[in-house]
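All values below come from the heavy atoms of this structure, side chains included, with hydrogens, waters and symmetry mates left out. Each chain gets a letter, A, B and so on, in the order its sequence line appears, and its residues count up from 1.
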2 protein chains.
Amino acid sequence: MPAKVTPLGYALLGLLRGEPRSGYALRKVFETTLLGNYSSSPGSIYPALKGLEKAELIAAEPIARGNVFSLTPMGREALDAWLTAPAQGEPADILMLRFAFLQELGRPEVTRAFLISFADAARGSRDGIRAFMAGDIGPSMPLQSRLAVDFGLRNVEAQLAWAENALKQLEDHWSQNAPQTGG
Amino acid sequence: MPAKVTPLGYALLGLLRGEPRSGYALRKVFETTLLGNYSSSPGSIYPALKGLEKAELIAAEPIARGNVFSLTPMGREALDAWLTAPAQGEPADILMLRFAFLQELGRPEVTRAFLISFADAARGSRDGIRAFMAGDIGPSMPLQSRLAVDFGLRNVEAQLAWAENALKQLEDHWSQNAPQTGG
DNA sequence: CCAACCATGTAAGCTGTTACATGATTGA
DNA sequence: TCAATCATGTAACAGCTTACATGGTTGG
């Protein structure tokens, strides 16, 4: 079993893919970017880095002050396996983290598969909610309960629309920027 | 300080407002309704109930088999304080839990205030994201990062639209079902 | 009698947080 | 020299989950 990695762990692996950094530099990224759902406090990042190091997914190289961490081959493997998996099960914020990291992977077909499975999942949720609201229980619910369900429905609809639009924009982008026919 | 209550605790208080129930009955509610974000396993509910009992927010009355829990006056106070607070800070799923429980509270002005503050918060998020995307950093970001931000934008837009629509529907409902002029 | 359900609980662990502690270096 | 920043870490806890344990009752 290839060493379990936590969501925060994947976030760190993803940030280390391109550029090796120190723990402090990683914290700064969490502070200053949209990764702010995670705390940038030392109590989060340093223990996570230690765990990744113990699992041999990252390696520490001491520098003048502190250490610089970089991905090991195993670490890159673990990250790629995570990025390549179908877009299901995980909460939306984690999926968006994956989507952002997919860019650096530079493999359009993987991003495409991600968006397609994401859209499929959203369509499934949407249809489930619609069926529920059209079935026996839905219409008999009081207004405010129906509205609470409608909240969920509007969210998945927005996510589906996002995925379809994102796919369209990326297809355009890919066909413009890499018009060669094959491998 | 009036005894801290966890999100799961509030969910239990809300369910017990109308109807006293046993721990097992509460678990069944979690299993069969849209409260499924919480686990219905005994390891979740029973310890939470014990905590609420120790805080004197609920009271247990033994029946033939097991116990039936009901809100104490303090428990009702704590629940009402939570329901009445402005719709900010908490994650969306918790806010929807509150919105659903607001129905049983039967105080339209509180539900109205909730939706208005919810919409205000959504508008604030939306404007923040739009400003970010129109500023220095936004346009310089690579396409896929911009799309990740667009995901967040579309979500808050959907939530804002939901709140505005919900308010409209409820105002209609209230004016039809309770057309008397005052207290 | 055995399976299924009612009913309650404990133990351990996961993931992440806040708060605290430490010390070195840099710049005003 | 004094504050700010770099850099790393520990301790305690929060909130919830899974897995396990236990026993009574009911129905076929």
Scan nucleotides 18-24 of chain C against the protein and return all N/O pairs shorter than 3.5 Å with their distances rounded to 0.1 Å.
residue, atom, partner, partner atom, Å
C/dG23, N2, A/Arg65, NH2, 3.3

Who are the side-chain contact (heavy atoms from CB on, under 4.5 Å) partners of A/Ala81, not counting sequence neighbours? none
Axis-to-axis angle across the helix from C/dC1-D/dG28 to C/dA28-D/dT1, five pairs an end, to 10 degrees? 10°
Rounded to the Å, how far apart are A/Tyr38 OH and C/dC14 P? 17 Å
If you only use heavy atoms from C-beta on, which nucleotide in C/dT15, D/dG15, C/dT8 is closest to the side chain of B/Ser22? C/dT8
Here the residues of residues 45-54 of chain A within 4.0 Å heavy-atom distance, strictly under, of DNA chain D are A/Tyr46, A/Lys50
note: B/Tyr24, atom OH; C/dC5, atom P; distance rounded to Å ~ 8 Å
note: A/Leu8, atom CG; C/dC14, atom C1'; distance rounded to Å ~ 13 Å
Near DNA chain D, under 4.0 Å by heavy atom, which residues of residues 87-101 of chain A? none
side-chain contact (heavy atoms from CB on, under 4.5 Å) against B/Pro139, all qualifying residues, sequence neighbours excluded: none
To the nearest Å, give me how far apart CG (A/Leu26) and C1' (C/dG16) are. 17 Å
Can you list everything that forms a side chain to side chain donor-acceptor pair (under 3.5 Å) with B/Gln88? Sequence neighbours excluded, please. none
Atom CG of B/Asn67 to atom P of C/dA7: distance rounded to whole Å? 11 Å
Side-chain donor or acceptor of A/Trp162 paired with backbone N/O of B/Leu153 under 3.5 Å: no
Scan the side chains in residues 47-61 of chain B for donor-acceptor partners under 3.5 Å anywhere in the protein, sequence neighbours excluded, and list what turns up.
none

Could B/Lys28 and B/Glu31 be called an ion pair, given the rule that one side-chain N must be under 4.0 Å from one carboxylate O? yes
Spacing of A/Leu12 atom CG relative to C/dG16 atom P, expressed in whole Å: 10 Å
Among D/dA14, C/dT8, D/dT8, which nucleotide has an atom closest to any side-chain atom of A/Arg27? D/dT8
Any idea which heavy atoms bring B/Pro108 and B/Gly106 closest together, and the distance? CD-O, 3.5 Å
Check whether A/Arg107 reaches the backbone of A/Thr84 with its side chain - one donor and one acceptor, N or O, closer than 3.5 Å. no
My understanding is that only residues two or more places apart in sequence, or in another chain, count here; which of them pass side-chain contact (heavy atoms from CB on, under 4.5 Å) with B/Ala25? B/Arg21, B/Ser22
Side-chain donor/acceptor of B/Ser175 to backbone N/O of B/Glu171, under 3.5 Å: yes
Enumerate the salt bridge (Lys or Arg N to Asp or Glu O under 4.0 Å) contacts for residues 141-163 of chain B, please, sequence neighbours excluded, ordered by first and then second residue. B/Arg130-B/Glu157, B/Asp150-B/Arg154
B/Leu170 side, atom CG; B/Phe114 side, atom CZ - distance, nearest 0.5 Å: 11.5 Å
Only pairs at least two apart or in different chains count here, so list each ring pair (Phe, Tyr, Trp, His ring centres under 6.0 Å) that has a residue in residues 46-71 of chain B. none
Tell me every residue that passes ring-ring contact (aromatic ring centres under 6.0 Å, His included) with B/Tyr10, counting only those two or more places apart in sequence or in another chain. B/Trp82
For C/dG16, does OP1 or OP2 lie under 4.0 Å from any side-chain N or O of A/Thr6? yes
D/dT8 P sits how many Å from A/Phe30 CZ, rounded? 15 Å
